[in-house]
Undergrad: 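Can you read through this structure? Questions will come right after.
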Amino acid sequence: MKPRKIKENIYSVGAVDWDRRLFDQLIPLPDGTSYNSYLVTGGEKNALIDTVDPAMEHVLRANLRELGDPRIDYVVCQHAEQDHSGSIPAVLEWYPDAKVVTNPRCMGLLIDLLHIPEERYITVEDGEELALGGKTLKFIYAPWVHWPETMLTYLGEERVLFSCDFLGSHLATSEAFVTDESATYEAAKRYYAEIMMPFRAQIAKHLDTVAGLAIDLIAPSHGPAYDRPAFILDAYCDWATGAPKNLVVVAYVSMHDSTRLMVEHFVRALGGLGVQVMQFDLAHADIGKLAMSLVDAATVIIGTPTVLGGPHPQAAYAAFLVNALKPKAKWATVIGSFGWGGRTVEKLQGMLGSLDVEFLEPVLVKGLPREADYGALDTLAQTVYDKHCAL
Ligand code: FEO
């Protein structure tokens, strides 16, 4: 996309990546993404806030040229991950007098990850300001959204918050600002689930900090800018600090249908009790959708056959993911089948050790489920319902 003016003397000069379908070789990007970079021109100095993924540095170059190739005095690096920092070496070549403005921890990471030499930095402390002439950048440390060195940048004169990954969305769009709140909500929730959810406590603190700022515009480093900041701030408050909802996530895999029959019966029983369910067949599921469901779920159920004495590898993968994402679920358990033995339940429980959950009585059956096994699933559904009534 061409450069777009988002406020007086503030331009979005980054790149939209319509075609990227995977991030970190892990996270699906069904709607692409963008790497946002912002040019802020002051009366005396100019600053570039974040750069772009190195694969798209030509777009950044073209956009800066289209704006007359203004002198860049400062490259503010809010976060060392390469989708934002990876073009800093190129920018420093284009503008040999430019300095990288960042915090000491981020500087250390940039030296390690990109080999940018020490003499190219100006380091800033939490709360420090940088005057550009009529525009003042204030840096706000925001560790663990989602790396330890991340910081935000507040431009008080224009009431703009540059929020880096925080509050962002993997969403490729030709629009500079949010125009479709429904699509943006989905993309931002997916992004929160995959990237931010493990750091809910820190996110809540940063939301408090942001609440103390006068903000007209939030300019994240992925996805469109929010000219109605309450839209994304309210959503984040719900996701990060709201109570879990009356929702069960059932993530399962089945080899010869025993586990599938159990899952179908269990989900039907929950539905009959008025409990909302989201069911994912792990052989085909979009793990981003699974992650999104975990934002709200009160209960997580892993369904699996027993393979080589333990859970099916797809179930183990799901358990690993759930454990890493640390959702706010309060209850969990395992259902599934076995042929001749194994330690499926114990292994999965061990893999979910980071969750603050009560483990409910599992239902593991030998072979194809019988009437008594379906009865046990009904009992489990009733237990879940009773627990959810106390939410
Ligand atoms: Fe968008 Fe953590 O990088």
Side-chain angles (χ1 to χ4, degrees), residues 1 12-38 48-57 59-60 75-91 100 102-103 105-114 116 139-153 161-173 184 186-200 202-203 206 210 218-226 232 236 239-240 287-288 291-292 321 324-326:
M1 297 301 300
S12 179
V13 292
V16 177
D17 197 341
W18 298 92
D19 300 328
R20 190 163 179 177
R21 285 293 172 267
L22 202 59
F23 197 88
D24 290 344
Q25 305 299 12
L26 171 69
I27 296 169
L29 301 180
D31 303 310
T33 190
S34 66
Y35 318 108
N36 301 341
S37 174
Y38 298 99
L48 192 65
I49 298 180
D50 285 337
T51 66
V52 300
D53 189 280
M56 306 207 87
E57 84 186 22
V59 178
L60 176 62
V75 185
V76 175
C77 180
Q78 303 188 105
H79 176 30
E81 193 165 10
Q82 292 90 331
D83 52 325
H84 309 293
S85 69
S87 294
I88 293 177
V91 173
V100 179
T102 193
N103 60 74
R105 192 158 194 181
C106 190
M107 180 180 97
L109 280 168
L110 292 175
I111 290 171
D112 290 339
L113 297 175
L114 297 171
I116 298 170
F139 305 106
I140 301 167
Y141 284 14
W144 301 112
V145 294
H146 56 123
W147 281 17
E149 88 304 2
T150 309
M151 65 183 195
L152 320 178
T153 305
L161 179 71
F162 299 96
S163 64
C164 194
D165 278 343
F166 187 41
L167 311 171
S169 64
H170 280 314
L171 181 61
T173 168
T184 307
E186 280 292 298
K189 187 173 186 179
R190 177 184 279 264
Y191 188 77
Y192 166 85
E194 294 162 339
I195 306 289
M196 302 293 166
M197 188 158 61
F199 308 104
R200 271 185 296 123
Q202 289 87 348
I203 295 288
H206 300 319
V210 168
I218 294 175
S221 293
H222 294 290
Y226 304 94
I232 191 64
Y236 256 66
W239 301 334
I287 61 161
M292 283 170 76
L321 193 67
L325 294 177
K326 297 190 183 74

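As the structure lists them, so they are numbered: ligands from 1, and atoms in each ligand from 1.
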Undergrad: With no hydrogens and no angle check, is any side-chain donor or acceptor of H206 less than 3.5 Å from a backbone partner on P143?
TA: yes

Undergrad: Which atom name does H222 have for its N/O/S atom nearest to atom 1 (Fe) of ligand 1?
TA: NE2

Undergrad: With sequence neighbours left out, which residue pairs that include part of residues 22-33 fulfil the side chain to side chain donor-acceptor pair (under 3.5 Å) condition?
TA: T33-H170, T33-H222

Undergrad: Mind telling me whether W147 and H79 have parallel, tilted or perpendicular rings, with 30° and 60° as the class edges?
TA: perpendicular

Undergrad: Taking only distance into account, with no hydrogens and no angle test, what donor-acceptor pairs under 3.5 Å do side-chain atoms of residues 191-200 form with protein atoms, sequence neighbours excluded?
TA:
from : atom 1 : to   : atom 2 : distance (Å)
Y191 : OH     : D165 : OD1    : 2.9
Y192 : OH     : W239 : O      : 3.3
R200 : NH2    : K326 : O      : 3.3

Undergrad: With sequence neighbours left out, what residues match R20 under salt bridge (charged side-chain N to carboxylate O under 4.0 Å, His left out)?
TA: D53

Undergrad: Hey, which protein N/O/S atoms does atom 2 (Fe) of ligand 1 have under 2.8 Å?
TA: H79 NE2, E81 OE1, H146 NE2, D165 OD2

Undergrad: Is any side-chain heavy atom of V145 closer than 4.5 Å to one of I203?
TA: yes

